[in-house]
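Right, one structure below, let's go through it.
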Amino acid sequence: MTTVIKNGTIVTADRTYKADVLIENGKITDIGENLSGDETLDATGCFVMPGGIDPHTHLEMPFMGTYSTDDFESGTRAALSGGTTMVVDFALPSPDQSLLDALSMWHNKSTRAHTDYSFHMAITWWGEQVFDEMETVVKEKGINTFKHFMAYKGALMVNDDEMYSSFKRCAELGALPLVHAENGDVVAEMQAKLLAEGNDGPEGHAYSRPPEVEGEATNRAIMIADMAGVPLYVVHTSCEQSHEAIRRARQKGMRVYGEPLIQHLTLDESEYFDKDWDHSARRVMSPPFRNKAHQDSLWAGLQAGSLQVVATDHCAFTTEQKRFGVGDFTKIPNGTGGLEDRMPMLWTHGVATGRLTMNEFVAVTSTNSAKILNTYPKKGAILVGSDADIVVWDPKLEKTISAKTQQSAIDYNVFEGKHVKGLPRFTLTRGHVAVTEGAMTSREGHGEFVARAPFTAVNTALSQWKEVTAPRKIERSGIPASGV
Ligand code: URP
Ligand code: ZN
Ligand code: ZN
């Protein structure tokens, strides 16, 4: 069966033009005028764009004594509803667990996915086994990205020596390291001090993670990556201090990527000072929401190209789960949702306000992720041969975001009450029409794992590994005798 999308305007990261799109067997097979197919989707007045890619999600993540409530079923269903057709989640080995075991666990979790998905592998401990298995992960398992948590001391955090070893291994294997950049030692100290002084409410979470802890860690990770001779991807860049480090590194010619979240772009720190404990706790995530000056910095970064992608870090806990932290903010599970709202919120606050062009919108919601993670043009493109992961975007459709009507399984939405204009008329995942103006026809289990090959100098223009200067041994004569 063939499907044709007719009468729309194709918008990609680099072009805007009128054409029809023909789809067969899940792929785009033709782009041109007056195409016909067995099924016709009318895109009059709409923009036909690559489906969104969220490069950062945590579905059914084991974390802080519980599991994030949105799993691959509800999470990817929510994604489709908002125009996102691929997510990249994180396989998280527990201490001493084999990377390959952890990967099997994540493959088991993802069998119910409605969208295609891929995985980053987290480095949560270090040893010979990890060193060896990284090669298998890259060469046999289709994963070319490794995540390092510089925070969550005593849990996921790795130290600098472990990070340096892992970064060097990434350089050898053609893999890209990712960092959660916050100084976990300083955060732990500040948390203990705040609690000792009686500051146990959710606002303590924001006080314990000021922009400096993020700026310091971003700078450190960049320097360590430079010494290891490997590019770097900084997840959830939330503040000017971190953005400034990324900007500076890029000006020096380093391949450093920064990923703001839709939450940090559109919600601010005042959320933590709400009189309602639940309201504030529901918004506890790391890094925390920041003030307007930091938001302006992130928008400027997207406009200038010093920040490349907009993600969600979707890690959704119910109010009941958040209440584990009543009386001690350090026990509030960290994470917020966003998968369903990322694209409508970014369109409304980015494109409709004139901050971003439509082409930039496509770049930061889809194409740049596909390129940086090395799955372009299978994903992130409207090209003959690409997967038919497509969103037919209607700039006139509008709604007010509400937990009552969302796909996500949790009982609230951090964007509750926000009005968005610009929503999918249709969302297609590998040719299957999964959403029609909010009505879901997605299929549980339709999603497939997307294997991503290692980076080489030729297979991606965005990533480049550099030579690290080898030490030069100096042959000397007349060495003075040691000692007194
Ligand atoms: O608070 C957050 N971001 N939770 C998810 C885990 C992480 O740090 O990305
Ligand atoms: Zn993180
Ligand atoms: Zn995350």
Side-chain angles (χ1 to χ4, degrees), residues 53-71 75 79 87-94 106 117-124 145-158 163 177-184 187-188 191 202 204-206 208-209 211 213-214 217-218 221 232-239 242 257-265 267 269 271-272 280-290 309-318 321-322 324-325 329-339 342 369 373 408 410 414:
I53 299 173
D54 191 334
H56 185 165
T57 66
H58 301 279
L59 302 173
E60 205 185 330
M61 177 194 191
F63 195 38
M64 299 183 71
T66 185
Y67 284 83
S68 58
T69 290
D70 271 326
D71 58 11
V87 301
V88 191
D89 210 87
F90 294 80
L92 300 168
S94 35
W106 259 260
Y117 54 88
S118 192
F119 298 127
H120 308 286
M121 173 58 67
I123 298 299
T124 51
T145 38
F146 291 91
K147 167 82 172 285
H148 306 77
F149 290 90
M150 300 170 79
Y152 306 130
K153 190 172 179 177
L156 297 165
M157 179 168 141
V158 285
M163 208 165 70
L178 277 57
V179 283
H180 168 135
E182 286 185 304
N183 185 319
V187 170
Q191 287 176 328
H205 176 77
S208 68
R209 308 181 102 98
V213 300
E214 189 180 340
T218 307
L232 183 70
Y233 182 118
V234 182
V235 306
H236 48 46
T237 306
S238 78
C239 62
S242 176
Y257 309 110
E259 172 210 80
L261 306 182
I262 191 62
Q263 296 92 317
H264 289 120
L265 287 162
L267 302 173
E269 62 185 1
E271 306 279 0
Y272 300 117
S280 297
R282 287 163 173 165
R283 285 145 181 92
V284 163
M285 67 167 300
S286 298
F289 302 160
R290 308 292 192 191
V309 300
V310 175
T312 63
D313 191 7
H314 188 100
C315 186
F317 297 100
T318 61
Q321 290 174 303
K322 291 283 184 179
F324 295 169
F329 70 85
T330 66
K331 296 195 168 57
I332 302 171
N334 284 202
T336 65
L339 259 172
R342 177 182 69 129
S369 282
L373 303 180
S408 164
I410 63 169
V414 294

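Owing to the predicted nature of the structure, the values given are computational and were not obtained by experimental measurement. Start at 1 and go down the list; that is how both ligands and their atoms are numbered.
Salt-bridge annotation for Arg209 and Glu214: absent, with no side-chain N of the basic residue lying under 4.0 Å from a carboxylate O of the acidic one.
Taking the six-membered ring where the residue is Trp, the centroids of Phe90 and Phe119 are separated by 6.0 Å or more. In summary, the aromatic rings of His236 and His56 are positioned with their centroids under 6.0 Å apart. For Phe324 and Phe317, the ring centers sit 6.0 Å or farther from each other.
Side-chain contact, His314 with Asp54: no donor N or O sits under 3.5 Å from an acceptor N or O. Glu271 and Ser280 share no side-chain donor-acceptor pair at under 3.5 Å. Checked by atom type, the side-chain pair Thr330/Gln191 shows no donor-acceptor distance below 3.5 Å.
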(request) Let me see the working for His120 and Thr145 under side chain to side chain donor-acceptor pair (under 3.5 Å), right down to the final yes or no. (result) CA-CA 5 Å; His120 308 286; Thr145 38; 2.8 Å; yes
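Under 4.0 angstrom from ligand 1, the non-hydrogen atoms of Asn334 come from both its backbone and its side chain. By the criterion of a heavy-atom distance under 4.0 Å, the side chain of His180, and not its backbone, is placed next to ligand 1.
Each of the following atoms of ligand 1 lies closer than 4.0 Å to a heavy atom of Cys315: 5 (C). Those atoms of ligand 1 that come under 4.0 Å of a heavy atom in His56, given as number and element, are 9 (O). Taking a cut-off of under 4.0 Å to the non-hydrogen atoms of His236, the atoms of ligand 1 that pass are 8 (O), 9 (O). Each of the following atoms of ligand 1 lies closer than 4.0 Å to a heavy atom of Met285: 1 (O), 3 (N).
In this structure, the protein non-hydrogen atom closest to atom 1 (O) of ligand 1 is Ser286 N, 2.8 Å. Nearest to atom 3 (N) of ligand 1 among the protein's heavy atoms is Asp313 OD2, 2.6 Å.
Residues Phe149 and Val179 fail the side-chain proximity criterion, which asks for heavy atoms closer than 4.5 Å.
In this structure, of Arg209, His314, Met64, His58, the residue bringing a heavy atom nearest to atom 6 (C) of ligand 1 is His58. Of the options Phe63, Phe317, Tyr152, the smallest heavy-atom separation from atom 7 (C) of ligand 1 is shown by Tyr152.
Coordination check, His58 versus the Zn ion (ligand 3): passed, since an N/O/S atom of the residue sits under 2.8 Å. Residue His236 does not count as close to the Zn ion (ligand 3), with no N, O or S atom under 2.8 Å.
Summary: ND1 is the N/O/S atom of His180 found nearest to the Zn ion (ligand 2). Taking the Zn ion (ligand 3) as reference, Asp313 places its N/O/S atom OD1 nearest.
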